[in-house]
Structure formats: structure tokens, C-alpha cells
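Below: one structure, written as C-alpha cells.
Every chain is numbered from 1, with letters handed out A, B, ... down the list of sequences.
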Amino acid sequence: MSLAEKVYLKLREVPRGKVTTYKWLAEVVGSKGYRLVGQILKRNPDAPRTPCHRVVSSSGKIGGFGGERSGKKIEEKIRMLEQEGVEVKKGVIDLEQYGFDFKE
DNA sequence: GTTGTGACGGGTC
DNA sequence: CGACCCGCCACAA
């Protein structure tokens, strides 16, 4: 089981209306390869099942996403999140409110 | 087999 | 504050 597999599984555990961060994911899989999480999401081998838009940076800010260049695509992700009940302000999410901590 | 780099985070300067 | 560096794992050239 590679870290990537764990990341996918954990990410799928995130309920609708909540988000997680690269840090938490990396932590929960027992690794500090935060970059791995980003890479895994970027490669996103299981796109339809891996809600990468539910993953944000530790500050609650949206990461790079966008696929080709971060910019407009991010706004679409934000809309998706808002549709799920997550409030996004200028690309920033209140982790205190919508952050789903696996450790809980 | 080796090297580089990436959707990041945290600590230091 | 902002810039810089290091760490970590996977994957492509």
C-alpha cells in the first residue's frame, strides 16, 4: 500500500461540506511528504472518486489546482465547495468550521 | 541506475 | 512580514 493509496482512501472519507489539508492527509498516512499529497492529487488517477477540490493548504487557502494554470479554474472549485456547503472567501476556507480532521 | 522536480509545510534568516 | 532552504515520496526523463 503506497502512500498514494492511503491518501485516496482518506480523502474519500472526507464528507461532503468539509475539507482537509495536505498536511493532515500527509500526517494521517504517517508521512511528511506533504508534496506527495499535492502530486498525488495532481496526477489524480481516480479523478471522479478523488475530490481534490476538498483539499486545501494548511492555512485553508486553495492550493494550485487549475490543472494547467491556477487562476480561473480555482473559482470553479470554489463554486463546487460552496455547493457542498463550504464557505470560501477569496479562495480561503475556515478550517475551524469546515476542516475535517481525520484524528477526530 | 541516477537526477530532477512537484497542486506543500515549517523553520530560519 | 518576506525570502530562502530543507524534508519527504513518487514518477518521468
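Per the geometry, NZ belonging to A/Lys23 stands 12 Å off C1' belonging to B/dG11, to the nearest Å. Atom pair A/Leu11:CG and B/dC8:P shows a separation of 15 Å (rounding to whole Å applied). Distance, A/Glu27 CD to C/dG7 C1': 15 Å, rounded to whole Å.
Under a hydrophobic-cluster definition in which Ile, Leu, Val, Met, Phe, Trp and Tyr are linked whenever side-chain heavy atoms come within less than 4.5 Å, directly or via other members, A/Trp24 and A/Val14 are assigned to the same cluster. Both A/Val28 and A/Val19 belong to a common hydrophobic cluster when Ile, Leu, Val, Met, Phe, Trp and Tyr are linked at side-chain heavy-atom distances under 4.5 angstrom.
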Pairs: protein N or O with nucleotides 9-13 of chain C N or O, under 3.5 Å:
residue : atom : partner : partner atom : Å
C/dA10  : N3   : A/Gln39 : OE1          : 3.3

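Under the 6.0 Å cut-off for aromatic ring centres, A/Phe102 and A/Phe100 qualify, their centroids lying closer than that.
Between the CD1 atom in A/Ile40 and the CG atom in A/Leu25 there is a gap of 8.5 Å [rounded to 0.5 Å].
In this structure a side-chain-to-backbone donor-acceptor pair under 3.5 Å is present from A/Asp101 to A/Lys103.
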